[in-house]
Amino acid sequence: MRRGLLRPLAPLSAPHLHPSLPLCPYKDVVPLPNPSQPGPTSPFTSNPRWVFATSLPPPAEWVEPFNDVSDIVATRQNLDPSPWVSQILNLLDGSPAMEANLSVYCHKFLIKLSPNFVSFILQSNKLREDPAIALRFFYWAGKQKSYAHSIECYVSLIAVLSLRGDVERILCVLREFKEMGFVMTVSAANSLIKSLGSVGIVDELLWVWRRMKENGIDPGVYTYNFLVNGLVNSMFIESAERVLEAMESGRTGPDVVTYNTMIKGYCKAGKTKKAMEKIKDMELRNVEPDKITYMTLMQACYSDGDFNACLGLYHEMEEKGLEIPDHAYSLVIGALGKDGKCAEGYAVFERMTQKGYKGNVAIYTALIDSYGKSGNMEWAIWLFQRMKNEGFEPDDVTYGVIVNGLCKGGRLEEAMEYLGFCKGNGVVVNAMFYSSLIDGLGKAGRVDEAEKLFEEMVEKGYPRDSYCYNALIDALVKCGKIDEALGLFKRMEEEGCDETVYTYTILISGLFNEHRNEEALKMWDMMINRGITPTAASFRALSIGLCLSGKIARACKILDELAPMGVIPETAFEDMINVLCKAGRIKEACKLADGIVDRGREVPGRVRTVLINALRKAGNSDLAMKLLHSKIGIGYDRMGSIKRRVKFRLLFEN
DNA sequence: ATAGGGTTAG
């Protein structure tokens, strides 16, 4: 009601504070007034200004984002947004004439947008979705007469830019921001630390932190938490750890969010064990773990393949009476399914429905997947029907696990039918459909069809992922087309699809099968050089090939090189001995077993059993008996004062 | 503020 007569004070003009910024676009866009354009109508038909304005054009009025600037302490919720807000938002359409339209509009209604108004608009959902418009609006507003952006304008703009990870523009805006020399406020610091943390600009984040302290602001727990989160998101785990320690010994103690964020950090760094231990720290400080604590840890255990731990966390959650999110059920059912315990997964599902939860598509999908993986497609399809009866629409992932299950069971025609159904009914066909089918066809010896499906993906422009490539490479290797497989490997590189440890494992064993030993070794080296961590399975492929081609020492040498990389294939020696025995090369197997002793390692009792059985199978029952009744590999033989284990080699001596 | 679906070798 006071509007129009009492003008708010205009911010001081500060033109010298707008340096030219080469990285910033739009700064040269000059708004052109366009009087011929049909202007929008005023939202204020009874605006007193229009009554009193006569001959002299009245000076433009600063508009605020909220109508009522009463003395009562008002929160944002009970304030009434000014009708100008929606009018200005309507003009922000991203068209080339946007700036011109804004200028014409403001000129026509004699308004100027105040810094508060600009900041409010920058926080609107519309601009959060379109950083390019936000940036253009910001630079347009900055050119208003006697206007200077407030600290909130910069902070809001940076928040918008951070949503899309636009690091370059953030740095550019930040440079300008720093030159403005604002006094840091708590809310600005919080928002900046959050934005910069989310995009990983840690040095600038720390600048904000220092600046905040310089301005005498004591960081509260929120500020600390944004800092920890920023550090964690940028994988500065140790720095985050130090901040947490500082909090633990300082005045602002960590809360559940701080711990959850730190736990997320450990999980991201693959240190699940350390993450788990944090629960104890929390309990020591009387900070109760909440559902997010448990969800973060459950997800990490699930990803690590530690399904037991995942299950244990779920039970702990239940015992504590915490609310169990839907996603927890997907994880538990998924974990049980991967352990082959689909019935137990179903029991969890039943318990869930008894509590009144209806479940969701993801939970049904996890359940269907677990039945499909255990070869129980009838149950899987029954659940699929039940899900639809409950009103859940299966999505591409659900169809994906159905197709995958059918392929695993060799029911390729049915799987193809599902693929056809999805193609015809608007279900997204993802790479998993194809990799499952290519794998299934390959396993059934139908390589030509597998190749055809792969080419279909190329034609239709579906991206091929490593799963598809690996499945086809495997299919080709299995039917002796090793050179075609190598060609595909090359194509994979050319297309920029990252090879995985599976790719190398398949090719290494394929090359050894064709007695192309040198090439197989080259593959191994290539894998190591590219920083792909070998697995126990990949070493098995290599060691089998090397052992069978008589290069046992070489295999042992490579095995020794794995330990510093943190790869310890537990059963490596056993596997090698097994392979040698199977090939009837028992003498070499014994030599290898002795080699283990020489390295000061334990020979598992199982190795003796393997050797005894191998000797029996080879028809050498005399030696088998001799080994059975001897202390070879177990007992000790006194040589001077040195105790030595009895060597397997003795078996072949008199 | 902090967590959130599925896949392949032997």
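Just so we're on the same page: letters track the sequence lines, and every chain starts at 1.
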Reading nucleotides 1-6 of chain B 5' to 3', which nucleotides get B (base under 4.0 Å from a protein heavy atom), which S (sugar-phosphate only), which -? BBBSBB
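Side-chain N/O atoms of D439(A) and S436(A) include no donor and acceptor closer than 3.5 Å. One side chain, T571(A) or D575(A), offers a donor N or O that lies under 3.5 Å from an acceptor on the other.
Rounded to an integer number of Å, the gap from F512(A) CZ to dA9(B) C1' is 16 Å. Atom CG in N513(A) sits about 10 Å away from atom P in dG10(B), given to the nearest Å. Atom pair I438(A):CD1 and dA9(B):P shows a separation of 14 Å (rounding to whole Å applied). Atom OH of Y502(A) is separated from atom C1' of dT8(B) by 6 Å (rounded to the nearest Å). Atom CG in L441(A) sits roughly 20 Å away from atom P in dT7(B) (whole-Å rounding).
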Under 3.5 Å, which donor-acceptor pairs do the side chains of residues 223-238 of chain A form with other protein atoms, sequence neighbours left out?
{"unit_1": "T223(A)", "atom_1": "OG1", "unit_2": "N190(A)", "atom_2": "OD1", "d": "2.7"}
{"unit_1": "N225(A)", "atom_1": "OD1", "unit_2": "T258(A)", "atom_2": "OG1", "d": "2.6"}
{"unit_1": "N225(A)", "atom_1": "ND2", "unit_2": "V221(A)", "atom_2": "O", "d": "3.4"}
{"unit_1": "N225(A)", "atom_1": "ND2", "unit_2": "D255(A)", "atom_2": "OD1", "d": "3.1"}
{"unit_1": "N229(A)", "atom_1": "OD1", "unit_2": "K264(A)", "atom_2": "NZ", "d": "2.8"}
{"unit_1": "N233(A)", "atom_1": "OD1", "unit_2": "K264(A)", "atom_2": "NZ", "d": "3.2"}
{"unit_1": "N233(A)", "atom_1": "ND2", "unit_2": "N229(A)", "atom_2": "O", "d": "3.4"}
{"unit_1": "S234(A)", "atom_1": "OG", "unit_2": "G230(A)", "atom_2": "O", "d": "2.9"}

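With respect to K271(A) and E241(A), no salt bridge is recorded, no charged nitrogen being found less than 4.0 Å from a carboxylate O.
Between dG10(B) and K443(A), no contact under 4.0 Å exists linking OP1 or OP2 to a side-chain N or O.
Residue contacts for T500(A): at a heavy-atom cut-off of 4.0 Å it reaches no nucleic acid atom on any strand shown. Within 4.0 Å (heavy atoms only), A471(A) reaches no atom of the nucleic acid at all.
Closest heavy-atom contact between L322(A) and K291(A): CD1-N, 4.2 Å.
With hydrogens and angles ignored, the 3.5 Å screen pairs a side-chain donor or acceptor of T296(A) with a backbone N or O of I292(A).
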